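For clarity, every value in this text was computed on a predicted model and none was experimentally measured.
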Amino acid sequence: MTDIAPPLPARRRRTARPVDSGAPSSPPAPIRTRALTKRYGDLVAVDLLDLEVRAGEIFGLLGQNGAGKTTTILMLLGLTEPTGGTARVVGLDPARRPLEVKRRVGYLPDAVGFYGDLTGRENLRYTARLNGLAEGDAEAHIEHVLEQVGLVGRADTRTDTYSRGMLQRLGIADALLKDPDILILDEPTTSIDPIGVVEILDLLRGLVRERGMTILLSSHLLGQVQSVCDRVGIFASGRLIGVGTVGELAERFGDGAAHVEVTVARDGDTDASADPAAILGRIEHVESVAWDPVHASWRATVRPADASGAVREAILRAAVDSGLRLTSLRVLEPSLDDIYRIAVAGMSRAGATTEVGS
């Protein structure tokens, strides 16, 4: 995929206008909600949502289908009115000033649609006209966003010949045409092949790196959220039950243990009398040792989690003393899948939204 192109020199990046009171030295949050609520009759789709998305970060809104993610996005865009609470997007109330919000926010819905009998470039020209871009400026902007998303080579073919991944990239190009402060994407990698997913996620990282853009990404695909997002909000039954980095969420919802993976050579260079399980089990803070047949490695459970560094050093010393030849030694990163299951299972005990980390 084409590398992210630098911004056009003539284009000046906008900054969000300040809203609500706060420390003068702190930049305003591009997205901020307080007690945001949406009801449909007796159904509470979004319940007292307090959310802040920081400038220049990729924030993942994680939850199963029906958790309230899309409803939240629609309220942020002014496409549906909240039942209660407030929202501010780039300093604006989307319920009162929806058109201004839409000018400042790029949006890629779950089901992106284009005119199939038009080329990618022609579809973007149509969007440019809708956004009031002057014809001369529009062509330069269109070429630029096509370069950003890696579609220059297919820009002049009909979109009904595009793959799902190509349509998603064209959708991002479409959202970028207005030079938005914020990009909101609803399930952007659903039904895309693995290579296409990697390309989309790389593109999002590049947008933040090169343009300082703020991105809100809604998804139910835990692994993809973990791989690209700076912080994650766990959404369940209309409530935000945890916010933070994956590490912070693991500390908040985990069981207080860390896991160290140890791989040992299985050839004649290792002392046959050396028993990895016994050697690891004698180390202080190692609670248990288990064989992982999938990765052909030993997994040591360490408690407390912050003792993992000392345990690794002890493993190295014990390996030298016992003749055990290590081929790899690493602390396993927490799985967002495990964190999510624990968080949702404990939702009834969690109460209101829990913010972790700074």
Side-chain angles (χ1 to χ4, degrees), residues 1-11 13 58 60 73 77 102-219 221 224-225 227-229:
M1 180 175 172
T2 304
D3 291 336
I4 302 299
L8 291 173
R11 304 179 79 186
R13 183 185 299 153
I58 302 179
I73 289 173
L77 293 169
K102 291 180 180 69
R103 293 189 188 103
R104 304 279 297 277
V105 178
Y107 174 48
L108 179 67
D110 180 13
V112 60
F114 293 101
Y115 293 106
D117 58 344
L118 299 181
T119 68
R121 192 184 303 274
E122 289 168 341
N123 271 281
L124 294 180
R125 283 174 182 158
Y126 179 71
T127 298
R129 288 196 298 272
L130 289 179
N131 283 278
L133 291 179
E135 187 173 345
D137 292 337
E139 288 304 313
H141 292 342
I142 288 170
E143 189 67 22
H144 179 64
V145 295
L146 285 169
E147 289 176 2
Q148 284 189 299
V149 302
L151 279 180
V152 172
R154 292 294 302 274
D156 298 306
T157 56
R158 289 167 49 125
T159 59
D160 57 9
T161 67
Y162 283 15
S163 67
R164 166 79 176 184
M166 291 173 64
L167 288 172
Q168 291 296 87
R169 283 191 275 161
L170 184 62
I172 293 175
D174 186 89
L176 292 175
L177 263 182
K178 64 181 76 174
D179 190 22
D181 298 302
I182 299 171
L183 188 60
I184 297 179
L185 306 103
D186 194 0
E187 301 283 359
T189 58
T190 301
S191 303
I192 299 180
D193 62 88
I195 294 176
V197 168
V198 171
E199 292 177 342
I200 294 294
L201 298 182
D202 284 345
L203 170 59
L204 299 183
R205 294 186 191 97
L207 291 172
V208 172
R209 182 176 63 250
E210 302 295 338
R211 299 179 58 153
M213 186 171 289
T214 299
I215 296 177
L216 173 62
L217 167 64
S218 162
S219 182
L221 302 174
Q224 294 173 17
V225 170
S227 70
V228 75
C229 293

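Here the side chains of Glu122 and Asp156 are not in contact, with every heavy-atom distance at 4.5 Å or above. Glu210 has its side chain out of reach of Gln148: every pair of non-hydrogen atoms, C-beta onward, lies at least 4.5 Å apart. Contact of the Thr161 side chain with the Arg154 side chain is registered, since non-hydrogen atoms from C-beta on lie closer than 4.5 Å. In this structure, the side chains of Lys178 and Arg104 stay at 4.5 Å or more apart for every pair of heavy atoms. Proximity of Leu203 to Glu199: side-chain heavy atoms (C-beta onward) are nowhere separated by under 4.5 Å.
In terms of heavy atoms, Leu177 sits closest to Ala128 at CD1-N, 4.0 Å. Shown here for Met213 and Val208, the closest heavy-atom pair between the two residues is O-CG2, 3.4 Å. For the pair Leu133 and Ala138, the tightest heavy-atom approach, listed with the atom from each and the gap, is CB-CB, 4.1 Å. What you find for Ser227 and Leu201 is that their closest heavy atoms are OG-CD1, 3.5 Å. The two residues Leu167 and Phe114 come nearest to each other via the heavy atoms O-CE1, 3.7 Å. Across all non-hydrogen atoms, the minimal contact from Pro180 to Arg211 is CD-NH2, 4.4 Å.
Checking each of Thr119, Asp174, Leu151 against Leu124 for a side chain to side chain contact (heavy atoms under 4.5 Å, CB included) leaves exactly one that passes, namely Asp174. Checked against Ile200 for a side chain to side chain contact (heavy atoms under 4.5 Å, CB included), the options Val149, Leu108, Ile172 give a single hit: Ile172.
Distance check, rounded to the nearest 0.5 Å: CZ of Arg103 to CG of Asp181 gives 13.5 Å. With values rounded to the nearest 0.5 angstrom, Ile58 atom CD1 is found 4.5 Å from Ile215 atom CD1. Note that the CG atom of Asp160 and the OH atom of Tyr115 stand 14.5 Å from one another [nearest 0.5 Å]. His141 contributes atom NE2, which lies 10.5 Å from atom CG of Asn131 (distance to the nearest 0.5 angstrom). Taken from CD1 in Ile184 to CG in Leu77, the straight-line distance is 4.5 Å, to the nearest 0.5 Å.
Ile195 CD1: 12 or fewer foreign heavy atoms inside a 6.0 Å radius.
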Open item on the list: Apply side-chain contact (heavy atoms from CB on, under 4.5 Å) to residues Thr159 and Leu170 and explain how you reach the verdict.
Closed with: CA-CA 9 Å; Thr159 59; Leu170 184 62; 3.7 Å; yes
Open item on the list: Under the criterion side-chain contact (heavy atoms from CB on, under 4.5 Å), I'd like the reasoning laid out for Arg205 against Val228: C-alpha separation, chi angles, the key distance, then a yes or no.
Closed with: CA-CA 7 Å; Arg205 294 186 191 97; Val228 75; 3.8 Å; yes
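Legend: residues meeting side chain to side chain donor-acceptor pair (under 3.5 Å) with Asn123, ordered by chain and number and at least two apart, are absent. Looking at residues two or more places apart in sequence or on another chain, you find no salt bridge (charged side-chain N to carboxylate O under 4.0 Å, His left out) involving Asp137. Under the side chain to side chain donor-acceptor pair (under 3.5 Å) criterion, Asp110 pairs with no residue at all, not counting sequence neighbours.
Distance alone, capped at 3.5 Å, places no donor-acceptor pair between the Arg121 side chain and the Ile142 backbone.
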